[in-house]
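Remember, predicted model here, so these are calculated numbers, not experimental data. Just so we're on the same page: letters track the sequence lines, and every chain starts at 1.
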Number of protein chains: 2
Amino acid sequence: MPGPIQSLSRAAAILRLLAGGERRLGLSEVSTALGLAKGTAHGILRTLQQEGFVEQDPESGKYQLGAELLRLGQSYLDVHELRARALVWADDLARAAGETVYLGVLHQQGVLIVHHVFRPDDTRQVLEVGSMQPLHSTAIGKVLVAYDPVARGELGDGPYESYTLRTLTEPADVDAECSLIRERGWADSVEETWEGVASIAALIQDRRRNPVGAVCINGPVERICQDGFVKPSLVASVRSAARAISRDLGAGRF
Amino acid sequence: MPGPIQSLSRAAAILRLLAGGERRLGLSEVSTALGLAKGTAHGILRTLQQEGFVEQDPESGKYQLGAELLRLGQSYLDVHELRARALVWADDLARAAGETVYLGVLHQQGVLIVHHVFRPDDTRQVLEVGSMQPLHSTAIGKVLVAYDPVARGELGDGPYESYTLRTLTEPADVDAECSLIRERGWADSVEETWEGVASIAALIQDRRRNPVGAVCINGPVERICQDGFVKPSLVASVRSAARAISRDLGAGRF
DNA sequence: GGCCGTCGTTCGACAATGTCGACCGTCATG
DNA sequence: CATGACGGTCGACATTGTCGAACGACGGCC
């Protein structure tokens with residue numbers, strides 16, 4: 001039976017639809033958006049509701065995502081081997097660099113943040129775990145594109161969305177940058193996604209040298225850069241953290 | 001068509017199974033655990049994999065939860081109205097009390113933590129968002145049981161699991177405690193779930209006075225209690241935070 | 001090294017199952 | 001008061017998912 005199960009694919013589409021729209025959606029909105037009969041959409045929604053993947057606002061009758069997804073998402077993190085091995089190294093890196101640390105993996109056409117260490121001294125930060133970032137304009141994203149053919153494939157052939165004046169929007173530019181990244185072994189992103197923010201990333205490989213993710217530090221340009229370039233000491237910290245995690249993954253087999 | 005969609009329920013069961021077992025599961029394990037034909041389980045797993053809800057380890061062929069769940073779980077948090085309104089109040093409470101703050105809602109037979117503010121001065125804490133806690137032995141859980149008939153129903157009629165010597169395991173004891181909680185308007189839990197840990201919780205209601213969740217502070221017994229009782233000043237802080245969040249929810253209509 | 005057991009996967013037939021579109025009651029609106 | 005849109009239900013149909021057997025590959029054991 002090589003072919004997806006129809007009702008399951010539709011259920012997944014409904015969940016993604018609900019995740020996309022910021023507000024709750026009504027049954028009719030869902031059914032028309034996906035081109036389904038109302039009865040069909042209702043049956044799927046009812047099942048998803050029973051399972052806790054979807055909740056229904058009792059007074060408006062509209063639907064939104066359910067709590068079970070949060071619980072399962074947490075379970076995903078619990079099992080995630082890369083994340084488990086990286087926890088302590090990410091912590092050390094954040095302390096050494098004094099900056100925010102992200103750990104990201106390729107997911108669909110973006111970078112999924114699976115771990116986030118807050119900047120040590122600072123407060124009132126928003127946890128980014130579970131959120132997506134672009135591939136072509138972040139340090140983690142560019143590392144993955146440089147080393148993972150799958151990521152390069154997902155990126156497609158632009159032009160890519162521009163977030164600041166420094167965002168690379170042309171495939172040729174990104175590919176050139178990736179050659180550079182492969183040559184020197186690390187990536188940076190200075191105000192390519194957010195104004196005033198710079199980051200440095202390095203690749204994490206598993207025991208068979210497959211790229212499985214990347215780690216980066218993230219902070220205000222003034223602290224990350226000096227004389228227009230990222231500080232070499234920070235680059236060294238990030239690279240050594242990435243190597244440490246990769247080594248840890250390699251040893252994990254036994 | 002009042003009845004759940006079979007394939008969807010089965011898919012949900014598979015996801016929960018994968019979330020439960022700490023390690024990856026093979027196809028045969030899944031199919032036998034749920035009493036499904038191997039072909040059937042495979043079809044569901046293949047679809048879940050295409051949708052990103054499940055990932056397959058390429059070398060062992062075993063399955064685990066997928067990244068899409070993390071993303072959707074995050075989206076759930078984004079839409080969560082209670083959490084959005086409570087963010088700032090929880091932060092203030094943590095600062096004022098100098099302790100960890102949890103925000104929890106009823107989910108199935110437990111408390112789902114939807115927000116977690118780290119203790120202000122401390123470091124190296126594990127984020128509990130997305131994890132479940134018992135209903136009968138935590139402050140948040142007992143608040144919900146006391147005020148929400150649904151929660152009381154989910155609790156069932158024990159005996160409940162015992163975690164420490166102080167855990168209430170008999171329904172009668174829990175119900176008596178709940179009467180007290182309703183009388184005075186707050187709940188505590190001193191070493192009922194974890195040795196050395198005490199917490200104080202208060203109810204959060206929506207604009208129609210329905211219980212929607214609870215907020216608590218959580219810390220070592222020595223700091224939360226004095227002379228064998230929880231400190232009244234902390235109780236006052238928690239209750240005022242809960243009231244503030246409830247008020248905020250009530251105003252949210254306009 | 002050859003055998004056996006188990007694994008994940010594929011296949012085809014069957015009927016159980018999910019799908020469709022029309023219909024119902026309710027609510028808010030004009 | 002009539003209208004339209006909403007969420008939800010129902011029953012007939014055939015599409016669709018399910019089952020069990022069979023396949024090829026891998027790994028361990030004698």
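Annotation: D:dT15 and D:dG11 have their P atoms spaced 22 Å apart (nearest Å). If you take atom C1' in C:dA13 and the same atom in C:dT17, they sit 16 Å apart, rounded to whole Å.
Phosphate proximity of C:dG18 to A:Q6: absent, as no side-chain N or O sits under 4.0 Å from OP1 or OP2. Between B:Y63 and the phosphate of C:dT9, there is a side-chain N or O to OP1/OP2 separation shorter than 4.0 Å. Within the 4.0 Å cut-off from OP1 or OP2 of D:dG17, not a single side-chain nitrogen or oxygen of B:T40 is found. Applying the 4.0 Å criterion to OP1 and OP2 of C:dG8, one finds that B:H42 has every side-chain N and O outside that range.
B:R85 forms no cation-pi arrangement with B:W89, by the criterion of a distance under 6.0 Å to the ring centre and an angle within 45° of the ring axis.
Regarding A:I14, its CD1 atom lies at a distance of 13 Å from the C1' atom of C:dG18, rounded to whole Å. B:L34 places its CG atom 15 Å from the C1' atom of D:dT18, with the value rounded to the nearest Å. The distance from atom CG of A:L8 to atom P of C:dT17 is 15 Å, rounded to the nearest whole Å. One atom, CZ of A:R46, and another, P of D:dT9, lie 6 Å apart when rounded to the nearest Å. Atom CD1 in B:I44 sits about 10 Å away from atom P in C:dG18, given to the nearest Å. In this structure, CD of B:Q50 is placed 12 Å from P of C:dT9, rounded to the nearest angstrom. Residue A:L45 contributes atom CG, which lies 10 Å from atom P of D:dG7 at whole-angstrom precision. When rounded to the nearest whole Å, the span between NZ of B:K62 and C1' of D:dG27 equals 13 Å.
A side-chain donor from one of B:S131 and B:E128 sits under 3.5 Å from a side-chain acceptor of the other. Side chain to side chain, B:Q64 and B:Q56 fail the donor-acceptor criterion of an N or O pair below 3.5 Å.
Salt bridge absent: A:R83 and A:D78 never bring a charged side-chain N and a carboxylate O closer than 4.0 Å. Between A:R24 and B:E81 there is a salt bridge, with a side-chain nitrogen of the basic residue lying less than 4.0 Å from a carboxylate oxygen of the acidic one.
A:Q56 comes within 4.0 angstrom of the backbone, heavy atoms only, and of no base.
Residue whose closest nucleotide on DNA chain D sits further toward the 5' end, between B:L36 and A:G61: A:G61. Positionally, the nearest nucleotide of DNA chain C for A:S7 lies more toward the 5' end than for the other of A:K38 and A:S7. Projected onto DNA chain D by closest heavy-atom contact, A:R10 and B:A41 fall at different nucleotides, the more 5' of which corresponds to A:R10.
With C:dC20, C:dT19, C:dC7 as the choices, the nucleotide that has an atom nearest any side-chain atom of B:S28 turns out to be C:dC7.
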